[in-house]
2 protein chains.
Amino acid sequence: MNPSESRARVTLADVARRAEVSLKTASRALNAEPYVTEHTRQRVLEAAAELGYERNAAATLLASGQRSDTVGLITGDLSNPFYTVLAVGIEGALRESGMRLSVASSAESPEQEWSLASAFASAQARAIIVASSLRDHTPYAALISRGIPVVFVDRPAVGIEADSVVFGDVDGGRAAAEHLLARGHRRIAFLGDYDWLPTSRGRLEGITERLRTDSEAAGGAGDGGASSLVVRMGVHGPDDAAACTAELLALDEPPTAIVAGNNRITLGVAAQSRRLDPGRRPALLGFDDFEWSDVVGISVVAGDAAHMGEVAARRALARMGDREERPTQTTLPMRLIERGSGERLAADPA
Amino acid sequence: MNPSESRARVTLADVARRAEVSLKTASRALNAEPYVTEHTRQRVLEAAAELGYERNAAATLLASGQRSDTVGLITGDLSNPFYTVLAVGIEGALRESGMRLSVASSAESPEQEWSLASAFASAQARAIIVASSLRDHTPYAALISRGIPVVFVDRPAVGIEADSVVFGDVDGGRAAAEHLLARGHRRIAFLGDYDWLPTSRGRLEGITERLRTDSEAAGGAGDGGASSLVVRMGVHGPDDAAACTAELLALDEPPTAIVAGNNRITLGVAAQSRRLDPGRRPALLGFDDFEWSDVVGISVVAGDAAHMGEVAARRALARMGDREERPTQTTLPMRLIERGSGERLAADPA
DNA sequence: ATGAAAGCGCTAACAA
DNA sequence: TTGTTAGCGCTTTCAT
């Protein structure tokens, strides 16, 4: 039936037979274990090469009862640069320890995410790192208790105690508000992603808090500058953000500054605001950095995604050491990077 | 030793015991196979849930002799948007067929790449899609003959006959040259990545060819406009590209137009050229599209990466159907997208 | 230094 | 409809 190729899988037994040694000896030779004569080792290696032998990972895993050397990463969007930079950070840290990274995407679907997590678990993944789209993470408790370390990144674990590595979103929000207030802005808009996302909430919280403080001070001093915040949540993706920006700019009293809740939103806002005369564009402050931000001149409040990845990977690695320590919550700093768009002053009220 | 958790793995046997059925019945119930009473199925499912059972994928794979439902993708750079968009395209197509995608990065190392490919193979991956960093792909022949479909994307297979899906780089190069010539440019620079990369070579080839044609015509007609091409290959990454751009612009007779060989190079060139007065910036034409290109106003010659991913995935899927067809070479079109930077005219020689 | 036997957790044939 | 018996390909004891 089969024209030319020898399709039958080559097994270790085949190699052993060809090298005229026992199964175990072949196994030892191939695994570079001690107690094999150099001579026999060579014989086995040759036989394996001639036969085109390739170890069956499933069998190895099963027989040894070990877990694989792969760590799974689940993100909601393979193409979001934030997550890909995160992935690079994770990979670098894992590589140092001889581990591999397998990246999968949930396409932001909670069901997909859980299905992927289960798949990783049943494939004996060594650990799972997840930027979760779930609102509640109790299901993950089962994986953890089964001995699979789970590290939550970017979005903290909800409903269970687990390791997580996140950015200081609230502080970031405060910094953003502070920055704009200092430049005279009193009508500020915040465009945030889905409002159940911890990042969106945190960033908004920081902004709100800082503006409230300002308003109170203004009220007390009576210097006339009570600030107002327009909030649009549930803005998902660039197109949505562009539409929302257009709407805001068409208001009677449009905001003089816009804060974009993440890199996708920043793109939409920038695209839309670019249609205005340069002099009439609102100040723009984005969350999360991106490669072109420098060229485009967009100021951002951002954390180091690659570093977040490293930290998360190390946490996972540490957990593999089977230490029964308490879960840790790591918060990484965000900082404001000035590039022009966020430094535009509020126009003087004519 | 173990404080609180019941660490022992729960096996199918445990579930069967608890449900008071045989191993096989439990297996059938869990796999939704026919010939199980609704009643017993429920019992088994409950038992599994109570015990926190999770199937051991390694054992399943081994026992069934099947391959897994995962397709592996190997790229050189997890964070390059070109590859991540490609990955999204692949994933979408695979999802329709119930397959999963596992993405891994070779960090552009040939050794890493081969190690990953082997790992995918021994993990029973259903197929492998690779944007290869290898100069020669004969090693992949072994995988293919072992029954694992391998599809080469972005860079064609070298040294073996295998499926590949690439862009029409040469045509793209021609289009780029044509576009610039039409706008009066006669001193053009091309910054390309490593010169062994088929994409770099092809793009350069197209440009060279078109310019040669032009020069011959000019020579014949004697209209004075023999064009010159400055080529810099081995330009890898934005920083390198920026440095190279600076160097070119400092020439006595700097190029009036720059063609950037890929998206990373485009970034570097744009960043550098931004330092000049707007009126003095060279025309810029990049290869490969990227999200911010529209906002930044950079003209590009690009193919549809997501579509490439889909096509590659479908090719892989088709191969899984065990058809012994001949390998196919698919070439996808690139088109030129005008956004401003590539339409600047060559300054009149004063 | 090498080998024989047992079994990892599961599914595939067969019975019953 | 359910259960029994063999393995899948490999690594482990425990000999030799």
Side-chain angles (χ1 to χ4, degrees), chain A residues 7-45 47-48 51-69 118-119 121-125 146-148, chain B residues 7-45 47-48 51-69 118-119 121-125 146-148:
Chain A
R7 187 57 65 87
R9 299 232 213 313
V10 179
T11 75
L12 185 56
D14 298 325
V15 175
R17 208 169 303 128
R18 173 131 184 171
E20 297 179 296
V21 296
S22 80
L23 199 62
K24 181 57 202 171
T25 303
S27 167
R28 274 195 272 256
L30 257 11
N31 290 318
E33 284 174 30
Y35 304 117
V36 190
T37 329
E38 188 49 34
H39 176 68
T40 44
R41 185 197 308 292
Q42 287 305 334
R43 280 252 302 283
V44 173
L45 261 32
L51 260 28
Y53 170 74
E54 174 113 34
R55 145 205 269 97
N56 181 325
T60 304
L61 237 45
L62 184 56
S64 69
Q66 309 254 288
R67 305 207 134 270
S68 80
D69 61 350
S118 302
S122 75
Q124 318 303 116
R146 224 172 287 145
I148 304 174
Chain B
R7 189 55 65 88
R9 298 233 214 313
V10 180
T11 74
L12 185 56
D14 298 325
V15 176
R17 209 170 302 126
R18 172 129 185 172
E20 296 179 298
V21 294
S22 80
L23 199 60
K24 182 58 202 172
T25 304
S27 167
R28 274 196 271 257
L30 257 10
N31 289 318
E33 281 175 33
Y35 303 117
V36 190
T37 330
E38 187 49 35
H39 177 69
T40 44
R41 184 196 308 291
Q42 287 306 333
R43 279 252 304 282
V44 173
L45 261 32
L51 260 27
Y53 170 74
E54 175 114 32
R55 141 205 272 99
N56 182 325
T60 303
L61 238 44
L62 184 56
S64 69
Q66 309 254 288
R67 304 207 136 271
S68 81
D69 61 350
S118 302
S122 76
Q124 317 303 115
R146 224 173 287 145
I148 304 174

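Computed from a predicted structure; not experimentally measured. Naming convention: chains lettered A, B, ... in sequence-line order (proteins, then strands); numbering from 1 in each chain.
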Using only atom types and a distance under 3.5 Å, with no angle test, would you say the side chain of A:S68 pairs donor to acceptor with the backbone of A:Q124?
yes
Are OP1 or OP2 of C:dA4 and a side-chain N or O of A:S22 less than 4.0 angstrom apart?
no
DNA chain D nearest-nucleotide lookup for B:T25 and A:L12: closer to the 5′ end is B:T25
Any side-chain heavy atom of B:R146 sitting closer than 4.5 Å to one from A:R9?
no
Let me know, please, whether B:R28 or B:L62 comes out on the 5' side of the other along DNA chain D by nearest nucleotide.
B:R28
Is B:S27 close enough to C:dC10 that one of its side-chain N or O atoms is under 4.0 Å from OP1 or OP2 there?
no
Here the distance between atom P of C:dA1 and atom CD of A:E20, to the nearest Å, is 21 Å
Of the residues in residues 52-59 of chain B, which ones touch DNA chain D at a heavy-atom distance under 4.0 Å?
none
Could you tell me how far apart A:R9 (CZ) and D:dC10 (P) are, to the nearest whole angstrom?
11 Å
If you measure from OG1 on A:T11 to CG on A:N56, what distance do you get to the nearest 0.5 Å?
9.5 Å
Whole angstrom is fine here: how far is it from CZ in A:R43 over to P in C:dG3?
9 Å
Consider the side chain of A:K24, meaning its heavy atoms from C-beta on, and name the nucleotide among D:dT1, D:dT12, C:dC10 that approaches it most closely.
D:dT12
Whole-Å distance between C:dT11 C1' and B:R67 CZ?
18 Å
What is the distance, rounded to the nearest whole Å, between atom CD of B:E33 and atom C1' of C:dC10?
12 Å
Rounded to whole angstrom units, what separation is found between the CZ atom of A:R17 and the P atom of C:dG3?
14 Å
A:E20 side, atom CD; A:R43 side, atom CZ - distance, nearest 0.5 Å:
5.5 Å
Choosing from C:dC10, C:dT2, D:dT11, which nucleotide comes nearest the side chain of A:Y35?
C:dT2
Hey, is the side chain of A:T60 poking within less than 4.0 Å of OP1 or OP2 on D:dG9, counting only N and O atoms?
no
Just by distance, with hydrogens left out, do B:N31 and B:R55 show a side-chain donor and acceptor under 3.5 Å apart?
yes
Report yes if at least one side-chain N or O of B:T40 is closer than 4.0 Å to OP1 or OP2 of D:dT2; otherwise report no.
yes
For residues 34-41 of chain B, dump all side-chain donor-acceptor pairs below 3.5 Å to protein atoms at least two apart in sequence or in another chain.
unit_1, atom_1, unit_2, atom_2, d
B:E38, OE2, B:Q42, NE2, 2.9
B:T40, OG1, B:T37, N, 3.3
B:T40, OG1, B:T37, O, 2.9

In whole angstrom, give the distance that lies between atom CZ of B:R146 and atom C1' of D:dG9.
15 Å
Expected output: side-chain A:R28 to main-chain A:E33 donor-acceptor under 3.5 Å
no
What is the distance, to the nearest angstrom, from the CG atom on A:D14 to the P atom on D:dG9?
9 Å
Given C:dC8, D:dT1, D:dC8, the nucleotide with the shortest approach to the side chain of B:T37:
D:dT1
